[in-house]
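See below for the structure under consideration.
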Protein chains: 2
Amino acid sequence: MPDPFVLDGFLPYRVAVTAGRLSREFSRVYQERFGLSRAEWRVMAHLSQEAEVSVREIHARVDMDKSKVSRAATRLEEAGIITKRISDSDRRLVVLGLTDKGAVMMAELAEAAVAYHAQLIVRLGPGATAFLAGLEALGDADGTQRHAGHTGADQGQ
Amino acid sequence: MPDPFVLDGFLPYRVAVTAGRLSREFSRVYQERFGLSRAEWRVMAHLSQEAEVSVREIHARVDMDKSKVSRAATRLEEAGIITKRISDSDRRLVVLGLTDKGAVMMAELAEAAVAYHAQLIVRLGPGATAFLAGLEALGDADGTQRHAGHTGADQGQ
DNA sequence: CATGCTTCGATGCATGTGCAACGATCAGGC
DNA sequence: GCCTGATCGTTGCACATGCATCGAAGCATG
């Protein structure tokens, strides 16, 4: 993209479109199969990484407002997929954890995720490593700029 | 990402987070300066590429529901930034165009966009080309799978 | 022209979302 | 202990979003 503005080459635009497509593509797995929303899937995914995660941790690490995390957690709890309990060390914290039912679901989801990811790597071909490095570069650069509090802006949609 | 599922390495997740960050970062320009929403900015951006664009064209080319495009266009028209008129050749089509005021705005926005894009290229360093190729690969692969009508699913998050 | 089918854009409606409170809790100074 | 300020999660509210639907218009066939 030289001087004139060319939308099709504008990076935020292209990344957003790609993100939307990938997200939508994979969403079929958790939506059609388990009826999970995207927010719910993200909470589940975090729980698959660590047995117990607080709402705050999820909120801090990704593009999800804390109210979004909170509501997703409530829905998942009502569905018997996760548990919510007050932390012993800090009673302001709400600690989330998978139920047995949730663990079974997550195992299946993880399998599907790994398969989908492998498929994407194939699409990327030999440039996969460079692509990941690019994401890192963009993400880190942003991390450098952010500091105190957060801007309050919102999600990508 | 080998066998176990690792969220931090999951591509749809990483791309979505990066997209959100870039989008939010650049959104300050059009939000704080012109009070545009993201949807409105996208419509404007399309109009900067071609003098006249129909709602359909914007909807077809990106992750925007036609109702989203329609409403964004209505707001922009009310703000005196764009014009809407019925196409002569096909009276179902609504053709959008920038007003003088809109053109001035877009000129400034384009300048900011070009500057921001250049900044991102710097962040990417020598891997920029490979990163763009990766986006292409992911996007095209998806494009290969889509064919007749569209799935109906929309927008990310 | 008449008929049936498709496409475009707008709109009603239910739901999701971000943001700003708010209560509860914690940490620190005194 | 008491007070002040900060942090965490929830909730109210206004608004955006997606989806289904609708009317208007095109397009094809006869």
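Quick caveat, the model's predicted, so the values are computed rather than measured. Quick note on labels: first sequence line is chain A, next is B, and so on, each numbered from 1.
- In this structure, the helix from C:dC1-D:dG30 to C:dC30-D:dG1 shows an angle of 30° between the axis at its start and the axis at its end, each fitted on 5 base pairs and rounded to 10°.
- Distance A:Met64 CE to C:dC19 P: 14 Å, rounded to the nearest Å.
- Judged as a ring-ring contact (aromatic ring centres under 6.0 Å, His included), and not counting sequence neighbours, the contacts of B:Phe26 are A:Phe10, B:Tyr30, B:Trp41, B:Tyr116.
- Contacts of B:Ala128 classified as side chain to side chain contact (heavy atoms under 4.5 Å, CB included), with partners at least two apart in sequence or in another chain: B:Ile121, B:Leu124.
- With hydrophobic clusters built from ILVMFWY side chains whose heavy atoms lie under 4.5 angstrom apart, B:Val62 does not share a cluster with B:Leu93.
- Here D:dG18 presents its C1' atom at 14 Å from CZ of A:Arg38, a figure rounded to the nearest Å.
- Listed by residue number, the members of residues 86-96 of chain B with any heavy atom below 4.0 angstrom from DNA chain C are B:Arg92, B:Leu93, B:Val94.
- In the set C:dC19, C:dA10, D:dC19, the nucleotide with an atom closest to the side chain of B:Lys84 is C:dA10.
- Here B:Val53 pairs with B:Leu47, B:Glu50, B:Glu57, B:Ile58 under the side chain to side chain contact (heavy atoms under 4.5 Å, CB included) rule; sequence neighbours left out.
- Between the side chain of B:Arg71 and the base of C:dG12 there is at least one donor-acceptor pair of N/O atoms closer than 3.5 Å.
- One can place CG of A:Asp65 at 14 Å from P of D:dT11, the figure rounded to the nearest angstrom.
- With sequence neighbours left out, A:Ala73 forms a side chain to side chain contact (heavy atoms under 4.5 Å, CB included) with A:Ile82, A:Lys84, A:Leu96.
- Counting heavy atoms from C-beta on, the side chains of B:Val55 and B:Val43 never come closer than 4.5 Å.
- Rounded to a whole Å, the NE2 atom of B:His59 is 16 Å from the C1' atom of C:dT11.
- Residue pairs meeting the salt bridge (charged side-chain N to carboxylate O under 4.0 Å, His left out) criterion with at least one partner in residues 4-18 of chain A, sequence neighbours excluded, are A:Asp8-B:Arg61, A:Arg14-B:Glu136.
- Side-chain N/O atoms of B:Lys66 include none lying less than 4.0 angstrom from OP1 or OP2 on D:dT17.
- Across the protein-nucleic acid pair, A:Arg56 atom CZ and D:dC8 atom P stand 5 Å apart, rounded to whole Å.
- Rounded to whole Å, the distance from CD on B:Glu77 to C1' on C:dG9 is 13 Å.
- The side chain to side chain contact (heavy atoms under 4.5 Å, CB included) search around A:Thr83 returns A:Thr99, not counting sequence neighbours.
- Each salt bridge (charged side-chain N to carboxylate O under 4.0 Å, His left out) pair with one or both residues in residues 96-116 of chain B, not counting sequence neighbours, appears once here: B:Arg33-B:Glu108.
- Using a 4.0 Å cut-off, some side-chain N or O of A:Ser70 falls inside it from OP1 or OP2 of D:dT10.
- In this structure, CD1 of B:Ile58 is placed 11 Å from P of C:dA10, rounded to the nearest angstrom.
- Contacts of B:Ser54 with the nucleic acid, taken as non-hydrogen atoms under 4.0 Å apart, involve only primed sugar atoms and P, OP1 or OP2.
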